[in-house]
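Heads up, the thing below is written out as structure tokens.
Residue numbers count from 1 along this sequence. Order of appearance sets the numbers: ligands from 1, and atoms from 1 within every ligand.
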Amino acid sequence: MANITSVKAIQILDSRGLPTVSCRVETDDGLSAVSKVPSGASTGEREALELRDGGNEYLGKGVLKAVKNINTKLADVLIGMDARNQFEIDQALIDLDGTPAKKNLGANAILAASIATLRSGAKSAKLPLYEHVNNLYCSKFKANKQLSLPVPMLNIINGGEHANNNIDIQEFMVMPIGAQSFNECMQWAIEIYGALKSLLASKGLSTAVGDEGGFAPDLKSNQEAIELILKSIEDCGLEAGKDIVLALDCAASEFFKDGKYVLKGENKSLDSNDFVDYLKSLVSSYPIRSIEDGMDENDFDGWSMLTNELGNSIQIVGDDLFVTNVKDLQHGIDKSLANSILIKLNQIGTVGETLEAINLASQNNYSAVISHRSGETEDNTIADICVGVSAGQIKTGAPCRSDRTSKYNRLLWIESDLGNSVSYANELFL
Ligand code: PGA
Ligand code: ZN
């Protein structure tokens, strides 16, 4: 028994203080579950539609149309369906919308219902959410994925669209690859984060945080941000390149203007060739193991140049490039544009399509990094998805702000519950 008896949505608030959609699904076994959907700022052009009301109320960002769509059209379709049949549910939602970018009903409406169903299905199946995800994934794709805890990518300096400072690169992240457990990763991350805070304060720099909980000081250059992080790692008695490696998300589409990569903070305007060289020089000077959105989402030649130059030594992650869409990912695989995909559920709009993108990546030796959005909520579903599909990596901000720590905290619980029966994915990087 797990037939859906009620689907109800309301408008709630996200971590930026903007409206977002929350949905509750109830089943005839008396159980229920709630979802809350995130929202991006540096969104990709090819992402599914986030339906906003416009007008003056809520700064034009209201989601009452999306809420109404759930309470009427989506509820009509979902009531009576079995919440454990995620792929069937998602297909029904995709069919109801009828457009590739979910323009009729809104990807935020569809995703709210899809995640609430996933959580509700797990409860009805009497399984931890990560196990329900693992069962869905393995049976759909005839895969044999063991559960694993991810290596986190913690974004401790915020720039770009996520902060009111002059840093062009959006995210400077640490990955504690030398830790022996997820718990140890978080201990090291917290120590580095604290050391960085003291270091910034000692230099008279701001210790206020950006949208993802990382510090957002004004600095002279991207290199300065990296140097500060390296110093903080050292101050904790850890070794950069061994215990901790660095990851960047350039979010380059945001500073690609008229065919040039414009680094305002450094007064540089570079063509694709020169920007690839710029990134290469960062990688040769610093222990950077992963670069996300190093190039603009439509600069395919730039992407293949970057992957050609650096793809054998580091991870090249497509976020705006792939938007969690199997069509865009297949294009990237065919043209060797990258070697990794960032996974964000709201870029595509259903759990099922998200799992399909992860599976396509896995079949083609692309890594998959499960990700939050810059606008988040306390919903921590991505933690369970990451463990359930054994993605090996999660990016969910600094170890600060409840919208970010809710995912890390969920992973700490999962590691504690599973103990030695689960591996920690650091061998990916060693
Ligand atoms: P966004 O940022 O949620 O604002 O898109 C995250 C990212 O670019 O990875
Ligand atoms: Zn990104």
D249 neighbourhood, listing ligand 1 atoms whose heavy-atom distance to it stays under 4.0 Å
7 (C), 8 (O), 9 (O)
Going by the order shown, which atoms of ligand 1 are within less than 4.0 Å of some heavy atom of R373?
1 (P), 3 (O), 5 (O)
How many degrees, to 10°, between E292 OE2 and D249 OD2 as seen from the Zn ion (ligand 2)?
90°
Could you tell me, atom by atom, which parts of ligand 1 come under 4.0 Å of a heavy atom of E171?
6 (C), 7 (C), 8 (O), 9 (O)
Test: K395 and D249 ion pair at under 4.0 Å:
yes
Can you pull out the closest protein heavy atom to atom 8 (O) of ligand 1? Residue, atom name and distance to 0.1 Å, please.
Q170 NE2, 2.9 Å
Only heavy atoms of D319, strictly under 4.0 Å: list the atoms of ligand 1 that pass.
7 (C), 8 (O), 9 (O)
Greater than 12 external heavy atoms within 6.0 Å of D95's CG:
yes
Can a side-chain donor-acceptor contact be found between S272 and D299 if the only test is distance below 3.5 angstrom?
yes
Below 4.0 angstrom from a heavy atom of K395, which ligand 1 atoms are there? Numbered from 1 as shown, please.
7 (C), 9 (O)
When you compare ligand 1 with S371, is there at least one nitrogen or oxygen pair between them that comes in under 3.5 angstrom?
no
Relative to the heavy atoms of L342, which atoms of ligand 1 are at a distance of less than 4.0 Å?
9 (O)
For ligand 1, which atoms, with element, lie under 4.0 Å from some heavy atom of E212?
2 (O), 6 (C)
Only counting residues at least two apart or in another chain, list the ones meeting salt bridge (charged side-chain N to carboxylate O under 4.0 Å, His left out) with D168.
none
Between D258 and K260 (salt bridge meaning N to carboxylate O under 4.0 Å), is one present in this structure?
no
Just need the protein heavy atom nearest to atom 7 (C) of ligand 1, so name the residue and atom and give the distance.
K344 NZ, 3.1 Å
Is the closest side-chain donor-acceptor distance between Q223 and E227 under 3.5 Å?
no
Show me which atoms of ligand 1 lie under 4.0 Å from any heavy atom of G40.
1 (P), 3 (O), 4 (O)
